[in-house]
Amino acid sequence: MSVRVRFAPSPTGGLHLGGVRTVLYNYLFAKHHGGKFIVRIEDTDQTRFVEGAEQYIFDCLKWCGLEPDESVIHGGELGPYKQSERKESYRKYGELLVAHGHAYYAFDTKEELEQMREANKTPENPSPQYDHRIRKKMRNSLNLTDSEVKDLLEQNTPHVIRIKMPEHDVINFTDMIRGEISFDTSLVDDKVLLKADGMPTYHLAVVVDDYLMKITHAFRGEEWLPGAPVHLLLWKYLGWEKQMPQWAHLPLILGPNGKLSKRDGAKYGYPVFAMNWLDPKTNELTEGFKEKGFLPEAFINMLALLGWNAGTEQEVFTMEELIEHFSMERVHAGGAKFDYEKAKWFNHEWMQKKEVRSMKYEIGRLLETNNIPVNDEALLEKVIELVRERCTLLTDFVQQAGFFFKTPETIDADAVKTKWNDEKKNFFIEFTKQLQSLGNWSMTEIETVFKNLAAEKNIKAGELQLPMRVMLVGGKFGPAVFQIAELIGKEETVKRVGNALKVL
RNA sequence: GCCGUGUUGGUCAAGGGGUUAAGACGCCUCCCUUUCACGGAGGAAUCACGGGUUCGAAUCCCGUACAUGGUACCA
């Protein structure tokens, strides 16, 4: 049977690091086994709908290079790929469960549920569950007579369907990452399967949809582990046990204190979403890795290694290599703390590795939006090659490459002033004169002129290089100074030295 | 509180009975370079704790602690 996995996000906001990693592991697993990667939108909670969130998720996946094989926008044979559009199919499974005695109707109102919790609350049990003990005292089809239930149903009394958990049973299964896991059903509550509005809860929907969509392996965050016994039972009660997918519960990605949140991102200055997310309700902007200056390859590479490793020393992987080496068994079971420094390291690695041609366009645009005109593509390529090792984020190119295309607006005069004197000033005056008449404008020629003149004037060439650099680039950074002079050209070099001399 | 899961350096982690306990990031020292970066050479963990089992435990078992998730008609 061919592998089919799914990522099932609810379109309620930005796409979190942890979400992308879940997608990634699904994707890698599917591709490794030559299977299909499916995206299913879980929008059963209509109160949490957020405009634009669905499109945003697909945009992020595209940026990451994790294209689904089947989804709302990619199509597929086993749709619809959105739960709200499958609404009709859930009710009948709920009814079926009731008919077979595995579930029941519950007519309790919100107030009654609150009362129940309040009445049963003790210091030892601060949050009482609707479980096998409590259900005997509530308004549900287990306690009402058949005709009472029938009447209530006919009057369209709001009700839900709840699973009837066995009183004493042990449920166990093998998690692909964690091995054997077992639960005592007497400690699990009677989860709502079908809500009063007719929508399924996650518990019912995930089972029905995974079955209908022929999902073979179900991967999700560790936060779902406590819900597993409900799902396992549902697969069994619905008679689909043989088709049940294999499970793996992925470890959490943690922040400095607990689960990583967008709050952490804001606080520590790093992104937690894949791409910028503007919440239409609050108008709050949460920064994304993309806009921060990350390469998708680096972002994916970093995420892949956060909780998984190939068992070798390799750390930099292309998507193809990840697909080749990935296995769920090598995913670490413990949660991993996100390390922004390491994330930046991955980006730096990828900036060195990636083809200049495929970064050129984006870097060019970045410079343009920072008011640095780029009108020489060949020069841009040369510059990128020259300065990339000094860039950690794409945005670093603004400083590191900008001065090749635009005269610095200010120069770091303090950096040269401490050791500045008239002899040096005279050196530069004469140097520019000699440059003007230089025939062959190449870095070696320029350097020769520079060194000869320095020797002639009896000044250490080294002491003149820093001033020269600051004059050309504006600060103490950048590649070899004569290389810079060569690339910006004679006219510009002479001009920049002249400008600098005026303020020194 | 109860239930689940987890715990190897600051971080990601390899290793699953006998190893000087890999590697990477970050940090520190030095070299290269009279910018910055790259590169190179070094430095820093006894494996949460306590009991077992064993000739021998980071590795197996049991407790404890801590962390984390769940305990919603949210996913």
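What you see is a predicted model, and the numbers here were worked out from it, not measured in a lab. Numbered from 1 within each chain, the chains take letters A, B, ... in sequence-line order. What's counted below: heavy atoms across the whole structure, side chains too, no hydrogens, waters or symmetry copies.
- Between the C1' atoms of U68(B) and A48(B), the separation comes to 15 Å (whole Å).
- A distance of 7.0 Å separates CH2 in W247(A) from CH2 in W235(A), rounded to the nearest 0.5 Å.
- Nucleic acid contact class of R178(A) (heavy atoms, under 4.0 Å, all strands): sugar-phosphate only.
- Minimum atom distance to the side chain of A336(A) is reached by C12(B), of the listed G23(B), U35(B), C12(B).
- Taking the charged nitrogens against the carboxylate oxygens, E88(A) and R91(A) have no contact shorter than 4.0 Å, which rules out a salt bridge.
- At a threshold of 4.0 angstrom between heavy atoms, the contacts of R117(A) are confined to the sugar-phosphate backbone, with no base atom among them.
- A salt bridge links E167(A) with K136(A): the distance from a Lys NZ or Arg NE/NH1/NH2 to an Asp or Glu carboxylate oxygen falls below 4.0 Å.
- No engagement by K344(A) is indicated, since no non-hydrogen atom pair under 4.0 Å with the nucleic acid exists.
- Nucleotides U59(B) and U53(B) have their P atoms positioned 15 Å apart, rounded to a whole Å.
- Below the 3.5 angstrom threshold, one finds no donor paired with an acceptor across the side chain of K191(A) and the base of A72(B).
- Put simply, CD on E486(A) and CD1 on I446(A) are 6.0 Å apart, with the number rounded to the nearest 0.5 Å.
- Residue D45(A) is in sugar-phosphate contact alone, with no base atom involved, counting any heavy-atom pair closer than 4.0 Å across all strands shown.
- In this structure, K417(A) forms no cation-pi arrangement with W420(A), as its terminal cationic atom is not both closer than 6.0 Å to the ring centre and no more than 45° off the ring axis.
- Rounded to the nearest 0.5 Å, atoms NZ (K476(A)) and CZ (R469(A)) are 10.5 Å apart.
- Looking at the side chain of E223(A), the nearest of the listed nucleotides A22(B), G1(B), G70(B) is G70(B).
- Side-chain proximity of T201(A) to C73(B), A24(B), C25(B): nearest is C73(B).
- K406(A) has no carboxylate O lying under 4.0 Å from a charged side-chain N of E492(A), or vice versa, which leaves the two without a salt bridge.
- Nucleic acid contact for Q465(A): none, since no nucleic acid atom lies under 4.0 Å from a heavy atom of the residue.
- Of the two residues contacting RNA chain B, namely W224(A) and E124(A), the nearest-nucleotide position lying further toward the 5' end is that of E124(A).
- Side-chain N/O atoms of N309(A) include one lying less than 4.0 angstrom from OP1 or OP2 on A14(B).
- Contact annotation for G334(A): backbone-only contact, meaning every heavy-atom pair under 4.0 Å involves sugar-phosphate atoms and none involves a base.
- The separation of C60(B) from U19(B), taken at their P atoms, amounts to 16 Å, rounded to a whole angstrom.
- Using P as the reference atom, A58(B) and A21(B) are 10 Å apart when rounded to the nearest Å.
- Here L193(A) lies out of heavy-atom contact (under 4.0 Å) with every strand.
- If you check every strand for non-hydrogen atoms under 4.0 Å, A196(A) touches a base.
- Contact annotation for E389(A): base contact, defined as any heavy-atom pair under 4.0 Å involving a base atom.
- If you check every strand for non-hydrogen atoms under 4.0 Å, H332(A) touches sugar and phosphate atoms only.
- For the pair D190(A) and R135(A), the salt-bridge criterion is met [side-chain N within less than 4.0 Å of a carboxylate O].
- The pair E297(A)-K354(A) meets the salt-bridge criterion, with a side-chain N (NZ, NE, NH1 or NH2) lying under 4.0 Å from an Asp/Glu carboxylate O.
- C66(B) and G50(B) are spaced 16 Å apart, taking the P atom of each and rounding to whole Å.
- The separation of A14(B) from A22(B), taken at their P atoms, amounts to 15 Å, rounded to a whole angstrom.
- Closest to the side chain of L187(A), out of U35(B), G1(B), C2(B), is C2(B).
- Residue contacts shown for T12(A) are absent, as no nucleic acid heavy atom lies under 4.0 Å away.
- For the C1' atoms, the distance from U11(B) to G26(B) is 8 Å, rounded to whole Å.
- Of the side-chain N and O atoms in K195(A), one or more sit less than 4.0 angstrom from OP1 or OP2 of A75(B).
- Heavy atoms of D108(A) sit under 4.0 angstrom from at least one base atom.
- At the phosphate of C73(B), OP1 or OP2 sits under 4.0 Å from a side-chain N or O atom of R162(A).
- Of the P atoms belonging to G4(B) and U20(B), the separation is 40 Å, rounded to the nearest Å.
- Counting only heavy atoms from C-beta outward, the side chains of L305(A) and F346(A) approach each other to under 4.5 Å.
- In this structure, G307(A) reaches the sugar-phosphate backbone alone: every heavy-atom distance under 4.0 Å involves primed, P, OP1 or OP2 atoms, never a base.
- The interatomic distance linking M302(A) (CE) with G26(B) (C1') rounds to 16 Å, in whole Å.
- With G1(B), U71(B), A37(B) as the choices, the nucleotide that has an atom nearest any side-chain atom of D189(A) turns out to be U71(B).
- With salt bridges taken as basic N to acidic carboxylate O contacts below 4.0 Å, none links E114(A) and R117(A).
- Using a 4.0 Å heavy-atom cutoff across all strands shown, F183(A) reaches sugar-phosphate atoms only and no base atom.
- With the nearest nucleotide of RNA chain B identified for both K476(A) and I177(A), I177(A) has the one nearer the 5' end.
- Relative to the side chain of K342(A), the nucleotides U34(B), A37(B), A24(B) differ in distance, and A24(B) lies closest.
- Comparing C12(B), A75(B), A24(B) by their closest approach to the side chain of R48(A) singles out A75(B).
- What separates CG of L254(A) from P of C66(B) is a distance of 18 Å, to the nearest Å.
- Taking side-chain N and O atoms only, R330(A) has a distance below 4.0 Å to OP1 or OP2 of G15(B).
- Side chain of V160(A), nearest nucleotide from U71(B), C36(B), C73(B): C73(B).
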Dot-bracket pairing map - RNA chain B, Watson-Crick plus G-U, both contacts under 3.5 Å, | cross-strand: ((((((((.[[[..)..(....]]].(((((.......)))))....[[[[[..)....]]]]])))))))....

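- An OP1 or OP2 oxygen of A14(B) is reached within less than 4.0 angstrom by no side-chain nitrogen or oxygen of T312(A).
- Nearest nucleotide to the side chain of P226(A), out of C73(B), G70(B), U68(B): G70(B).
- Nearest nucleotide to the I181(A) side chain, out of U5(B), G26(B), U34(B): U5(B).
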